[in-house]
Amino acid sequence: MKTTRTLRAPGGLSVRFDLRAFTVVVLLLAAALAASVVLIGTGDFPIPAGDVVRTLLGKGDPGQEFIVTELRLPRVLVGLLVGASLGLGGALFQSISRNPLGSPDVLGLGQGATAGALVMIVLFSGSAAQVALGALAGGLVTGLAIYLLAWKRGVHGYRLVLVGIGVSAVVTALNGYLLTKADIVDAARAVFWMTGSLNGRDWEQVWPLLVLCALLVPLVLCNARGLRMMEMGDDISYALGVRAERVRLLLMVSAVLLTAGATAAAGPVGFVALTAPQLARRLTRSPGPNLLASMVMGATLLVVADWASQRLFGADQLPVGVVTGVLGGVYLLWLLVTERRAGRI
């Protein structure tokens, strides 16, 4: 059954869209918003979902207003933005590499951002803002190194993944070395940051990540057609008027910035970038990059994982990175088994 629809404007313009993919995006967005309301109402002072909605609309009492808007809403917004950034970044890398394993987790971008943060924590005892800037710089340097090392008349497929795995191993060793050089206080702070957590996040983390997403998401979506053409090969892309290498570089830089920005805001939250695009593709059943679906899926996954980290383990609340790491590790094993049975690895 065909699910593609065409909308025609009076001026002769027309837009084609996949009805199933559109429905999946709408449902995922509704799930993310519902999970966000539930998460805002979760805590030592529970707030019913109806009161949360009324407070967000400016009709709550002063106590609820303070708890919702000052304490809990920033954490949820950071979770949504981080999840969306990781989901979109993962979709870009998987599409560019044409490999389901081509995500920032496997390529070492998260480890590179972690290295930048560890340098600021261990060597300079930096503030939270300095640690965030260090993480952003570390991610950018790692992404540049991967691109240059993988370059050989372009960046393609398994070469990008293999180079990324090698760079990840080197940077992971560097991170271990930095931890051995830290004093006990800085080491504890570094280890806590490396787990990936939304605890204590406030508006200072929301605004920079919101600005980054506001700049990069439209840029990425405007180049979605070129990315889809590139999946058919560079020769066909050039024949269709797409400058493949320029588009590839632009989208890789965008993916690196999204991943590094998310890591700077919440630490290295593992496997969201790997699983969100794959789950989105299975729901939409669309062969394209599924950028919008992956972005919304990432936001939904992280908010649900944060709720699980607070509610499913009693008084022992876990950092959200632990929950996503466990779930993502299981998914990665399943993906490897599936790819092996299909003869692709």
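On a predicted model such as this, the values are computed, not experimentally measured, just so you know.
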Single-linkage hydrophobic cluster, 4.5 Å side-chain cutoff, Phe45 and Val76 together
yes

Give a yes or no on whether Leu136 and Met120 share a hydrophobic cluster (residues Ile, Leu, Val, Met, Phe, Trp, Tyr; joining criterion: side-chain heavy atoms under 4.5 Å apart).
no

Is there side-chain contact between Leu318 and Thr195, with at least one heavy-atom pair below 4.5 Å?
no

Check whether any side-chain heavy atom of Ile67 lies under 4.5 Å from a side-chain heavy atom of Ile40, and answer yes or no.
no

Can you tell me how far CG of Leu109 sits from CD1 of Ile146, rounded to the nearest 0.5 angstrom?
4.5 Å

Under 3.5 Å, side chain of Arg189 to main-chain N/O of Val122, donor-acceptor pair present?
no

Looking at every non-hydrogen atom in both residues, tell me the closest pair between Val206 and Pro74 and how far apart they are.
CG2-O, 3.6 Å

If we only count heavy atoms from C-beta on, is the Leu39 to Gln310 side-chain gap below 4.5 Å?
yes

Quick check: does any side chain N or O of Gln130 sit under 3.5 Å from a backbone N or O of Ser127, one acting as donor and the other as acceptor?
yes

Straight-line distance of Ser36 OG to Arg72 CZ, nearest 0.5 Å
13.5 Å

Hey, could you give me the CG/CE distance between Leu249 and Met252, rounded to the nearest 0.5 Å?
7.5 Å

Within a reach of under 6.0 Å around CZ of Arg285, are more than 12 heavy atoms found that belong to other residues, nucleotides or ligands?
no

Contact between Leu118 and Leu174 at the side-chain level, heavy atoms closer than 4.5 Å - yes or no?
no

Nearest heavy-atom approach of Gly139 to Ala260 is CA-CB, 4.1 Å

Glu204 atom CD, neighbour heavy-atom count above 12 within 6.0 Å
no

What closest approach, in Å, do Ala276 and Gly87 show between heavy atoms, and which atom pair accounts for it?
CB-CA, 4.0 Å

Are Gln111 and Asn175 side-chain neighbours, meaning at least one heavy-atom pair lies under 4.5 Å?
yes

Roughly how far, to the nearest 0.5 Å, is CG of Leu88 from CZ of Phe93?
11.0 Å

Taking all heavy atoms of Thr142 and all of Gly108, pick out the closest pair and write down the distance.
CG2-O, 3.6 Å

Taking ring-ring contact (aromatic ring centres under 6.0 Å, His included) as the cut-off, I'd like each qualifying pair that reaches into residues 172-211, sequence neighbours left out, listed once.
Trp203-Trp207

Verify side-chain contact (heavy atoms from CB on, under 4.5 Å) between Leu227 and Ile96, making sure each step is shown before the conclusion.
CA-CA 7 Å; Leu227 182 62; Ile96 290 171; 4.0 Å; yes

Side-chain heavy atoms of Leu149 within contact of Val167, under 4.5 Å:
yes

Distance from Leu221 atom CG to Leu216 atom CG, nearest 0.5 Å?
10.5 Å

Does the Gln94 side chain pair with the main chain of Leu274, one donor and one acceptor, at a distance under 3.5 Å?
yes

Is there a donor-acceptor contact under 3.5 Å from the side chain of Ser168 to the main chain of Gly164?
no

Within 6.0 Å of CD1 in Ile184, more than 12 heavy atoms from elsewhere:
no

Test item: Leu250 and Leu219 side chains (from C-beta on) under 4.5 Å apart, heavy atoms
yes

Using the side-chain contact (heavy atoms from CB on, under 4.5 Å) rule, pick out the option among Val119, Thr114, Ile121 that qualifies with Leu178.
Val119

Please find the pair of heavy atoms, one from Gly89 and one from Thr259, that lie closest to each other, and give the distance.
CA-OG1, 4.4 Å

Quick one: do Val170 and Leu140 end up in the same hydrophobic cluster if we chain Ile, Leu, Val, Met, Phe, Trp and Tyr together by side-chain heavy atoms under 4.5 Å apart?
no

Approximate separation, where rounding is to 0.5 Å, of Leu77 CG and Arg201 CZ
14.0 Å

How far apart are the closest heavy atoms of Leu179 and Ala190, and which atoms are they?
CD2-CB, 3.7 Å

Without swapping roles, check the side chain of Arg159 against the backbone of Ala150 for a donor-acceptor pair under 3.5 Å.
yes

Report yes if some heavy atom in the side chain of Val38 is under 4.5 Å from a heavy atom in the side chain of Thr42; otherwise report no.
yes

Asn223 side chain to Gly226 backbone, donor-acceptor under 3.5 Å
no

Would Leu123 end up clustered with Val171 when hydrophobic side chains under 4.5 Å apart are linked, directly or stepwise?
no

Is there a path from Leu251 to Leu215 through hydrophobic residues (I, L, V, M, F, W, Y) whose side chains come within less than 4.5 Å of each other?
no

Using a 3.5 Å cut-off and no angle test, enumerate the donor-acceptor pairs between side-chain atoms of residues 288-308 and protein atoms at least two apart in sequence or in another chain.
from: Asn290; atom 1: OD1; to: Thr284; atom 2: OG1; distance (Å): 2.8
from: Asn290; atom 1: ND2; to: Ser286; atom 2: O; distance (Å): 3.1
from: Asn290; atom 1: ND2; to: Gly288; atom 2: O; distance (Å): 2.8
from: Ser294; atom 1: OG; to: Asn290; atom 2: O; distance (Å): 2.7
from: Thr300; atom 1: OG1; to: Leu28; atom 2: O; distance (Å): 3.2
from: Thr300; atom 1: OG1; to: Val296; atom 2: O; distance (Å): 2.9
from: Asp306; atom 1: OD1; to: Arg75; atom 2: NH2; distance (Å): 2.7
from: Asp306; atom 1: OD1; to: Ser309; atom 2: OG; distance (Å): 3.4
from: Asp306; atom 1: OD2; to: Arg75; atom 2: NE; distance (Å): 3.0

